[in-house]
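Counting starts at 1 for both ligands and their atoms, following the listed order. Just so it is clear, the values below take in all heavy atoms, side chains as well, and ignore hydrogens, waters and symmetry mates.
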Amino acid sequence: MARYTRVKGSIALITLTNPPVNALSAAVRRGIVESVSRALKDEQVKAVVFCGENEKFCGGADIKEFSGSVSGPPLVPMIHSMEAGEKPMVAAIEGVALGGGLELALGCHYRVANTKARLGLPEVTLGLLPAAGGTQRLPRLIGIPAALELITTGRHVSAQEALQLGMVDQVTEGNAVQAAMELALSVIGHPLNPCRLSLRAPVWAPDVDGVCDAALAQVKQRSRGVMAPVACVQAVRAAAMLPYGKGMERERQLMDTLFRSGQAQAMQYAFFAQRNAGKWILPNRAQWNNTKAREVQRAGVIGLGTMGQGIAVSLVKAGISVVAIETDTKQLEWGKKAVTAMLQRDAQRRGVSPPLHLLTFTLSFHQLRDVDLVIEAVFEDMNLKKRVFSDLCKVLRVNALICTNTSGLNVDELAAVTDRQPLVVGMHFFAPAHVMKLLEVVYGSRSSPEAVATAMALGKRIGKVCVTVGNCSGFVGNRMLKLYLDQSVYLLEEGATPEQVDQALEEFGFAMGIFKVGDLSGLDVGWRVRKASGLIGPDVDPVKPSRWRLGRRYCPLPDMLCQQGRFGQKTGRGWYLYDSPGSKEAKSDPEIQNFLEDYRRKYGIIPRRITSQEVIERCAFILANEGFRILEDGIAAGPEHIDVIYLFGYGWPRHRGGPMFYASQVGLSVVLEKLEHYHRVHPDVPSLEPSRLLRRLVAEGSPPIQQWKSHIKNLRSHL
Ligand SMILES: CCCCCCC/C=C/C(=O)SCCNC(=O)CCNC(=O)[C@H](O)C(C)(C)COP(=O)(O)OP(=O)(O)OC[C@H]1O[C@@H](n2cnc3c(N)ncnc32)[C@H](O)[C@@H]1OP(=O)(O)O
């Protein structure tokens with residue numbers, strides 16, 4: 001699908017037509033090959049301009065084709081024949097030129113971009129490398145260091161930056177196609193060899209080896225265990241060392257290794273899962289494309305603690321007026337200072353002025369009378385939240401939405417104290433709220449589709465990856481996290497150290513192990529939650545606290561740590577030792593080793609050697625097992641939604657797809673077998689018992705993850 005038109009007498013305009021992003025599907029590639037051949041044969045045609053329909057040049061190769069057998073004309077010879085053609089070819093870049101789309105533009109002799117265009121080679125984010133000549137042509141155009149940075153990060157650059165780097169010849173505020181046609185007419189008859197990037201010699205740079213070695217070390221540290229960034233460096237190194245033809249061979253070999261790898265499959269799954277999560281659907285069949293969101297121009301934020309501050313910053317940055325409320329002057333001033341500073345820092349970084357005029361800080365609820373929506377972000381306490389909710393109903397417009405930022409409290413119980421249950425939803429932000437991408441939008445049993453649609457649209461507008469979830473304790477993310485945390489401390493009881501567990505998790509791909517994360521977030525947070533839930537009370541023996549509570553295994557180690565004032569980084573001591581309170585570098589603490597040994601002695605536990613494999617199996621499979629239960633309960637609409645929550649909210653490594661995808665990749669029967677084994681060994685941990693859905697899927701031949709939803713439907717109809 002490429003449209004061929006002759007314009008201005010002597011220009012062949014080739015338009016890629018594959019909405020929404022003009023991806024290079026087999027049909028598009030076929031269309032391009034035919035159109036280029038026609039343009040080269042037509043004697044009236046003196047130059048060729050490429051553009052994309054709907055002001056989007058091209059979003060790259062069609063990723064959907066990667067999972068099947070790829071047919072149609074291959075990209076590399078197609079781009080080569082464009083570059084070798086004896087008529088000037090100009091790319092008119094509007095919207096995006098990404099991946100294969102940019103590689104196509106690099107095969108042209110000239111490139112013109114609209115000011116709003118974005119260019120990049122994001123293949124690395126899909127577990128691949130730019131294998132349509134991108135790793136060989138881009139370094140020849142902009143040099144090794146800049147090409148390494150763009151190709152290993154997959155970063156998109158603006159048209160302006162592309163011009164500075166030398167990726168494009170011209171930037172226009174007007175129509176890029178018009179500008180490209182003018183350029184094309186002006187270069188007819190000019191020699192083309194200097195514009196053929198493949199003909200340029202390997203790029204010389206001082207100490208090219210050193211630059212590539214440094215890039216390799218950097219990607220290995222930044223993306224531990226991920227193959228694609230390493231392959232990207234190797235391919236760019238080839239551009240520096242080898243003639244073009246040999247470099248292309250190297251690019252192909254490296255791509256062959258990546259293309260069918262589990263990592264590439266996981267990352268491509270993650271790409272589509274993220275988009276799929278935006279297509280929300282509620283049990284009553286209301287969904288993203290049949291429900292209208294309300295417009296939100298003014299919002300209220302109640303509570304200016306860490307969460308409220310981040311939420312206020314996110315809203316204001318998206319152009320929404322915010323009325324921010326606190327209960328006393330000191331708290332209000334403190335919050336105001338923090339929010340203002342964050343907005344100023346951000347504005348300074350972007351070279352704009354901070355939108356402080358959008359903020360009102362006040363102690364008075366009356367200032368909320370004309371807001372469209374309120375996000376309550378007070379302390380995680382049901383009674384306090386209920387009081388705030390009833391106070392809100394006295395001042396808000398009757399049709400204003402009330403959203404609660406809670407990490408797990410019952411949204412229905414909160415809604416019940418209001419005069420507007422359909423207009424109440426949960427918005428579970430992650431700390432720090434102006435940075436973390438994930439937002440769980442929690443629908444209660446009476447939340448209206450319109451309220452859910454509004455919260456989802458608002459989340460998207462402030463740059464979040466939003467997932468709708470049902471109302472249960474901990475929703476999706478924290479419900480699963482609780483069991484993962486349990487496993488990690490059980491492993492300590494049985495013989496592991498925090499360092500061992502963290503190392504295994506970091507080797508798996510987590511940026512930080514679970515104990516380091518605990519120290520960072522503050523161990524007192526969970527302690528408070530456990531106290532509030534009745535797990536810790538006056539009846540607990542302070543000398544030898546019970547390891548059996550509420551009918552199941554309980555590990556008192558985290559409570560015992562908190563009793564010693566070890567709250568993590570903020571106190572300079574937690575599972576690790578820090579140089580001073582607030583410092584970040586975690587060091588092993590011999591006191592913790594002694595503490596664990598004493599503990600095991602006290603309870604008569606004989607420590608055993610715990611392998612990294614066991615750490616991963618127990619942590620990852622418990623997550624997946626609870627994920628299956630969440631699907632059975634209808635709390636998440638599909639496995640992709642759970643995976644998106646773990647990818648964007650809990651640091652799950654992207655090259656492992658998510659806990660549900662990981663389970664499918666390991667093999668559901670293996671996961672089942674392992675869970676059965678661990679449950680046999682630990683019968684006092686009910687969450688290790690394999691879920692019914694997992695058993696069912698295995699019994700039905702372990703279908704691919706894309707088909708699980710239909711099996712869930714069958715399972716639920718039998719309930
Ligand atoms: C067999 C050997 C092959 C050799 C290939 C050699 C080298 C080339 C490799 C590549 O080119 S890989 C692809 C590189 N491109 C990308 O990674 C870009 C991916 N897309 C995006 O980043 C964004 O979609 C966008 C282009 C910036 C647009 O963002 P926007 O927010 O406007 O829309 P989205 O919701 O993200 O997407 C809309 C719609 O389009 C689908 N889609 C996007 N890009 C592709 C693609 N490259 N292939 C197939 N489909 C794509 C996306 O899934 C959405 O679909 P729906 O959800 O609406 O169904």
#### Entry: Distance-only polar pair, side chains of Arg137 and Tyr244, donor-acceptor under 3.5 Å
yes

### Task
Starting from atom 4 (C) of ligand 1, find the nearest protein heavy-atom neighbour and note its residue, name and distance.
Met255 CE, 4.1 Å

### Query
Is there a nitrogen or oxygen of Lys279 sitting under 3.5 Å from a nitrogen or oxygen of ligand 1?
yes

### Task
With heavy atoms of Gly99 as the reference, note each atom of ligand 1 found under 4.0 Å away.
11 (O), 14 (C)

### Message
If you scan the protein for heavy atoms around atom 13 (C) of ligand 1, do you find one that is closer than 4.0 Å?
### Response
yes

### Query
Within 4.0 Å of atom 59 (O) of ligand 1 (strictly less), any protein heavy atom?
yes

### Message
Any protein heavy-atom neighbour for atom 32 (O) of ligand 1 (distance below 4.0 angstrom)?
### Response
no

### Distance from atom 53 (O) of ligand 1 to nearest protein heavy atom, with residue and atom
Phe272 CE2, 3.5 Å

### Message
Test of understanding: given a 4.0 Å heavy-atom threshold, classify the contact between Ala61 and ligand 1 as side chain, backbone, both, or neither.
### Response
both

### Query
Got the closest protein heavy atom to atom 23 (C) of ligand 1, with its distance?
Arg275 NH2, 4.0 Å

### Summary
re atom 18 (C) of ligand 1, the protein heavy-atom contact at minimum distance is Gly59 O, 3.4 Å

### Test item: protein heavy atom less than 4.0 Å from atom 55 (O) of ligand 1
no

### Message
Is the distance from the ring center of Tyr662 to that of Phe508 below 6.0 Å?
### Response
yes

### Query
Nearest heavy atom to atom 50 (N) of ligand 1: which of Lys460, Lys64, Arg29, Lys56 does it belong to?
Lys64

### Message
Below 4.0 Å from ligand 1: does a non-hydrogen atom of Leu128 turn up there or not?
### Response
no

### Task
Answer yes or no for atom 29 (O) of ligand 1: protein heavy atom present at a distance under 4.0 Å?
no

### Summary
Looking only at non-hydrogen atoms, the one of Val70, Asp62, Ile79 nearest atom 49 (C) of ligand 1 is Asp62

